[in-house]
Amino acid sequence: MDWCRYRFRSVWDLPAPHRRVYGVLERVDEYPRWWPQVRQVTRLDDRTGIARFRSFLPYELVVTAQERRRAPEAGVLEVAMTGDLEGWARWTVQPRGSGARALYEQEVEVRKALMRRFAVPGRPLLVANHALMMRGGRRGLSAALAV
C-alpha cells in the first residue's frame, strides 16, 4: 500500500434542484463564501485556479486545479490537481427526489513533504481531517442553498 495515496468519496443529499446545486459548485471562486475550510481560490484563467485549504489539523494545502471536464447535462465537474496534492477530483450532481445528490470523488497523492514524512502514523488523522472538511462543506452548501 502506498501510504501517501488517498481515495475519497462523499455523498451529499441537498435541498435544492440539481441544476442549482451544479451552478453553485461550478463557481469555484465562490467556495470560500460557503465552505469554511476552503480559505482562498484565485483564478488564473477560465480553466485554472489556485486553492488553499485548511481543516482541523494545523497545516494548509495549496493546489493548482485545472478543469478537465465540465458537463452540465451530465452534472459532472472534474479537475486535475497539482501542488501539495496531485491527482483529480470530481463532482457528479444528479436529481434526487425534490433535491439533489452530489457525489464527490477524489484520488490524490500527497506531495507536501511534512505530510509524506508522517504518512503512516498520521494517516488516520488525515482521513478524519478530510471527513471534517467535507462535513463543513456539506453544511455550508446546504445553508447557501437555503437562502
Side-chain angles (χ1 to χ4, degrees), residues 1-14 16-96 99-119 122-123 125-145 147:
M1 175 176 186
D2 184 347
W3 293 95
C4 293
R5 294 190 71 76
Y6 291 85
R7 252 188 180 165
F8 296 110
R9 185 177 191 275
S10 297
V11 177
W12 298 357
D13 289 322
L14 299 160
H18 73 284
R19 292 185 200 289
R20 183 165 174 232
V21 171
Y22 183 91
V24 172
L25 290 173
E26 75 178 339
R27 293 190 302 273
V28 295
D29 46 331
E30 294 179 15
Y31 279 31
R33 291 183 185 170
W34 55 265
W35 197 333
Q37 294 81 10
V38 179
R39 301 303 172 100
Q40 183 180 22
V41 176
T42 304
R43 284 251 184 214
L44 300 177
D45 59 38
D46 288 344
R47 299 186 61 219
T48 310
I50 296 173
R52 296 181 177 280
F53 309 96
R54 181 167 178 196
S55 190
F56 178 74
L57 295 175
Y59 65 84
E60 181 178 77
L61 295 174
V62 180
V63 299
T64 299
Q66 182 172 34
E67 182 181 299
R68 286 199 328 197
R69 183 174 178 209
R70 181 186 299 213
E73 67 288 345
V76 176
L77 295 164
E78 186 173 324
V79 296
M81 294 185 294
T82 57
D84 291 339
L85 302 174
E86 290 204 15
W88 59 269
R90 176 176 50 234
W91 286 107
T92 305
V93 182
Q94 300 294 318
R96 177 158 173 89
R101 173 165 279 179
L103 169 64
Y104 180 80
E105 298 170 284
Q106 182 182 45
E107 287 189 25
V108 293
E109 180 177 349
V110 174
R111 305 302 302 158
K112 189 168 187 148
L114 180 64
M115 291 175 66
R116 291 182 71 81
R117 195 170 308 125
F118 293 104
R123 190 172 182 88
L125 288 173
L126 296 176
V127 170
N129 196 58
H130 185 269
L132 288 170
M133 179 175 171
M134 296 307 290
R135 185 179 309 155
R138 181 183 45 79
R139 287 180 180 160
L141 181 54
S142 292
L145 291 167
V147 174

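Between Y6 and L126, the closest side-chain pair of non-hydrogen atoms falls below 4.5 Å. With contacts defined as side-chain heavy-atom distances shorter than 4.5 Å, the pair W3/R123 qualifies. At least one side-chain heavy atom of R117 sits under 4.5 Å from a side-chain heavy atom of L114.
The existence of a salt bridge linking D13 and R101 is confirmed by a sub-4.0 Å separation between a basic side-chain nitrogen and an acidic carboxylate oxygen. In summary, K112 and E86 do not engage in a salt bridge, as defined by a charged side-chain N under 4.0 Å from a carboxylate O. Ion pairing between a basic and an acidic side chain is recognised when a charged N comes within 4.0 Å of a carboxylate O; E67 and R69 show no such pairing.
Shortest non-hydrogen contact noted between A100 and P17 is CB-C, 4.2 Å. The two residues R116 and V110 come nearest to each other via the heavy atoms NH1-O, 2.6 Å. I50 approaches T64 most closely through the heavy-atom pair CG1-OG1, 3.8 Å. Residues R43 and D46 share a closest heavy-atom pair of NH1-O, 3.3 Å. Closest approach of L61 to M115, counting heavy atoms only: CD2-SD, 3.3 Å. Closest approach of Q37 and G137 over heavy atoms only: OE1-N, 4.1 Å.
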### Message
Assess the residue pair R96 and L14 against the criterion (side-chain contact (heavy atoms from CB on, under 4.5 Å)); give the C-alpha distance rounded to whole Å, side-chain angles, the decisive distance to 0.1 Å, and a yes or no.
### Response
CA-CA 9 Å; R96 177 158 173 89; L14 299 160; over 6 Å; no
### Message
Applying salt bridge (Lys or Arg N to Asp or Glu O under 4.0 Å) to E60 and R54, what does each step give before you reach the verdict?
### Response
CA-CA 5 Å; E60 181 178 77; R54 181 167 178 196; over 6 Å; no
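Classified by interplanar angle (parallel below 30°, tilted 30° to 60°, perpendicular above 60°), the ring pair W34/W12 is perpendicular.
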Do any side-chain atoms of residues 18-26 form donor-acceptor pairs under 3.5 angstrom with protein atoms, and if so which ones, sequence neighbours left out?
residue	atom	partner	partner atom	Å
R20	NH1	L145	O	2.7
R20	NH2	L145	O	3.0
R20	NH2	V147	O	3.4
Y22	OH	A71	N	3.4
Y22	OH	V76	O	3.2
E26	OE1	R70	NH1	3.4

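Once rounded to the nearest 0.5 Å, the distance linking OG of S55 with CG of N129 reads 4.0 Å. Distance CE/M81 to CZ/R68: 9.5 Å, rounded to 0.5 Å. Here E109 contributes atom CD and C4 contributes atom SG; the two are 6.5 Å apart, rounded to the nearest 0.5 Å. Here T92 contributes atom OG1 and E105 contributes atom CD; the two are 5.5 Å apart, rounded to the nearest 0.5 Å. Interatomic distance, E107 CD to R90 CZ, rounded to the nearest 0.5 Å: 8.0 Å.
Considering only residues two or more places apart in sequence or on other chains, D45 meets the side-chain contact (heavy atoms from CB on, under 4.5 Å) condition with R47, T48.
The side-chain tip of R138 does not point at the ring of Y104 from less than 6.0 angstrom away and within 45° of straight on.
Pairs passing the ring-ring contact (aromatic ring centres under 6.0 Å, His included) check and including a residue from residues 42-63, sequence neighbours excluded, do not occur.
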